[in-house]
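Presented below is the structure to which this report refers.
For ligands, and for the atoms within them, numbers begin at 1 and follow the listed sequence. Counting from 1, the numbers follow the sequence of the chain as shown. Everything numeric in this text was worked out from a predicted model, so none of it was measured.
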Amino acid sequence: MKKLFALLLTLAMVLSLAACGSKEEPAKTEEPAKTEEPAAESELTTATKGCLTMATNAQFPPYEYYEGDSIVGIDAEIAGAIAEKLGLELVIEDMEFDSIIEAVKTGKADIGLAGMTVTPERQESVDFTETYATGVQVIIVTEDSAITSVDDLFAEGASNVIGVQRNTTGDLYTTWDLEDAGLATIDRYSKGADAVQALKTGKVDCVVIDNEPAKAFVAEVEGLKILETEYVLEDYAGAMSKDNTALYEAVNAALQELIADGTVKTIIDSYISAQ
Ligand code: GLN
């Protein structure tokens, strides 16, 4: 099932490159494609005509990661399903996590889908779609670590070095809760996997990151474990511009339908086995 999705997605992305790949050459190359376009042409205004451009950071398995040259994962498939409903072709743009909101705000991308947590601060810059998944900030430690629970990070006199992915909620919460309180130093990495490597080599004492990528990273590095206690529970949603209400409403309605008819759950279950 997962393989098939991935294959279809790759195919869709390859096809979409023909129509959506080049932003500099709009009308000319798109015209011949019209005859083979079955769905009614979308009247939605998007970053590139006829395309749904998704901004992401493909370092976040199983939500978005590379399989060969293609970006696959839960978010990529949900975006593909939304695009299909709207008669648009999906284009995925990989960037640093902390560039996604800016790309959406400035209209370079139509939606940020990146296992992105809804926070009041981000809501000042973008509108979030319906929530489609939940995440948990967890703590990764070495198997012999003195840190055994979230409480240990808050203990009087604590002075841990904590690895995080820059500008993620793991970074924001540990900065506010721990660094600002003089209880920790935060070491910020552009990839979660790099923070996990820093833990392995002893540069940091623990990593605070979302639970699903945490599982994927720990599975690949010997001698690490995820603590049972959870730091923060959060909701994932798509980030969209506040200035394109028609697109927001269309995307959100499509997403709501995909949640209601079980498509989103099927996609999530194909990547995350229930334990
Ligand atoms: N959920 C976290 C956040 O929104 C991390 C997302 C990510 O690293 N892709 O900040």
So which bit of [X] gets within less than 4.0 Å of ligand 1, heavy atoms only: side chain, backbone, both or neither?
X	result
Tyr236	side chain
Asp210	side chain
Arg166	neither

Hey, which atoms in ligand 1 end up nearer than 4.0 Å to a heavy atom of [X]?
X	result
Met116	4 (O)
Thr168	5 (C), 8 (O), 10 (O)
Glu234	1 (N)
Ala114	6 (C), 7 (C), 9 (N)

Any Arg122 heavy atom less than 4.0 Å from ligand 1 |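 Flag set, Arg122 near ligand 1.
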Answer with yes or no whether Gly115 contacts ligand 1, where contact means a heavy atom under 4.0 Å from a ligand atom.
->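 A heavy atom of Gly115 does come that close to ligand 1.
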For ligand 1, is there an N or O atom under 3.5 Å from any N or O atom of [X]?
X	answer
Gln137	no
Gln165	yes
Thr117	yes

Of all the non-hydrogen atoms in the protein, which one sits nearest to atom 7 (C) of ligand 1, and at what distance?
->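 Closest protein heavy atom to atom 7 (C) of ligand 1: Phe60 CE1, 3.3 Å.
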For a quick check under 3.5 Å, do [X] and [Y] share a side-chain donor-acceptor pair by atom type?
X	Y	value
Asp151	Ser149	no
Asp194	Ser190	no
Glu212	Tyr271	no
Gln59	Tyr189	no
Arg188	Thr175	yes

Do the side chains of Thr46 and Leu86 get nearer than 4.5 Å, heavy atoms only?
->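 No; the side chains remain at least 4.5 Å from each other.
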Is any side-chain heavy atom of Lys203 closer than 4.5 Å to a side-chain heavy atom of Gln197?
->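 Counting from C-beta outward, Lys203 and Gln197 never come under 4.5 Å.
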Answer yes or no: are there more than 12 heavy-atom neighbours, outside Lys191 itself, under 6.0 Å from its atom NZ?
->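 Not more than 12 within 6.0 Å, no.
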For residues Tyr236 and Tyr63, establish whether the separation of their ring centroids is below 6.0 Å.
->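 Yes - the distance between ring centres of Tyr236 and Tyr63 falls below the 6.0 Å cut-off.
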